[in-house]
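First the structure, in the form of structure tokens, and then the observations on it.
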Amino acid sequence: MSTTNRRDFLKSAAAASATLAAAPSLRAQNAPPAPTGDRIVLALMGAGSRGTQVAGTFASLPNVFVKYVCDVDDAHAAACAKAIGNKAATNHDTPAPTPIRDFHQILDDKEVFAMAIATPDHWHA
């Protein structure tokens, strides 16, 4: 059975802390480049009340276009897309998002820069 003394523990903890501190900058180097166009194109997965709120916040930002709203419930997706479209139209001239059921369509669209996921806990797995 091996024991760890305080000095070894502190060295390991310091190394782990340094690694965690450097992780975001390392990840940023491997991230895709930011869009160079006039606007950022986003998508939403999970169009319930929280998802509608999140997407509405994004849609109200200048130069942000929520292109898709994805949900397994077609009624949720349509209602969210309508709410986002109304909010986006009042802030800047962008069309309402397209309601879809399969998130793979979002992943296949090269114009989409990011996807916000607002699914409930039981869908996380």
Side-chain angles (χ1 to χ4, degrees):
M1 182 171 162
S2 69
T3 60
T4 303
N5 63 29
R6 187 181 325 174
R7 180 171 287 151
D8 290 337
F9 172 77
L10 291 174
K11 285 180 188 177
S12 297
S17 297
T19 301
L20 289 174
S25 63
L26 294 174
R27 189 174 4 159
Q29 291 173 356
N30 296 328
T36 57
D38 294 305
R39 63 184 180 175
I40 296 173
V41 179
L42 300 177
L44 170 76
M45 185 168 70
S49 60
R50 179 68 178 144
T52 302
Q53 180 185 15
V54 168
T57 301
F58 284 133
S60 66
L61 298 172
N63 299 328
V64 174
F65 170 49
V66 179
K67 186 170 183 178
Y68 297 105
V69 172
C70 177
D71 200 284
V72 294
D73 184 337
D74 293 332
H76 276 183
C80 180
K82 183 178 178 183
I84 308 286
N86 291 340
K87 183 169 244 182
T90 60
N91 292 315
H92 45 284
D93 190 26
T94 58
T98 303
I100 60 171
R101 179 174 263 214
D102 184 9
F103 75 95
H104 290 98
Q105 185 177 347
I106 297 169
L107 300 178
D108 291 339
D109 189 336
K110 300 299 182 201
E111 187 182 20
V112 176
F113 183 71
M115 177 170 50
I117 301 173
T119 57
D121 291 343
H122 63 275
W123 285 106
H124 285 185

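Residue indices begin at 1 and follow the sequence shown.
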By side-chain contact (heavy atoms from CB on, under 4.5 Å) - contacts of D109 (at least two apart): K67, Y68, E111, V112
Heavy-atom pair with the smallest gap, counting every atom of V69 and A77: CG1-O, 3.8 Å
Shortest non-hydrogen contact between V72 and R101, atoms and distance: O-NH2, 2.7 Å
Closest non-hydrogen atom pair, A118 against G51: CB-CA, 3.5 Å
Interatomic distance, F65 atom CZ to I40 atom CD1 [nearest 0.5 angstrom]: 13.5 Å
Where F103 and C70 come nearest, the two heavy atoms and their spacing: N-SG, 3.5 Å
Atom pair CZ (R39) and CG (L61), whose distance is rounded to the nearest 0.5 Å: 14.0 Å
Nearest heavy-atom neighbours spanning A55 and L44: CB-CD2, 3.7 Å
Any donor-acceptor pair under 3.5 Å from D71 side chain to A47 backbone: yes
Which atom of I100 lies closest to which atom of D102, heavy atoms considered: CD1-O, 3.5 Å
Sequence-distant partners of A78, side-chain contact (heavy atoms from CB on, under 4.5 Å), two or more places apart: none
Residue pair T52, H76: steps toward the side chain to side chain contact (heavy atoms under 4.5 Å, CB included) verdict: CA-CA 9 Å; T52 302; H76 276 183; over 6 Å; no
Qualifying residues under salt bridge (charged side-chain N to carboxylate O under 4.0 Å, His left out), relative to R50, sequence neighbours excluded: none
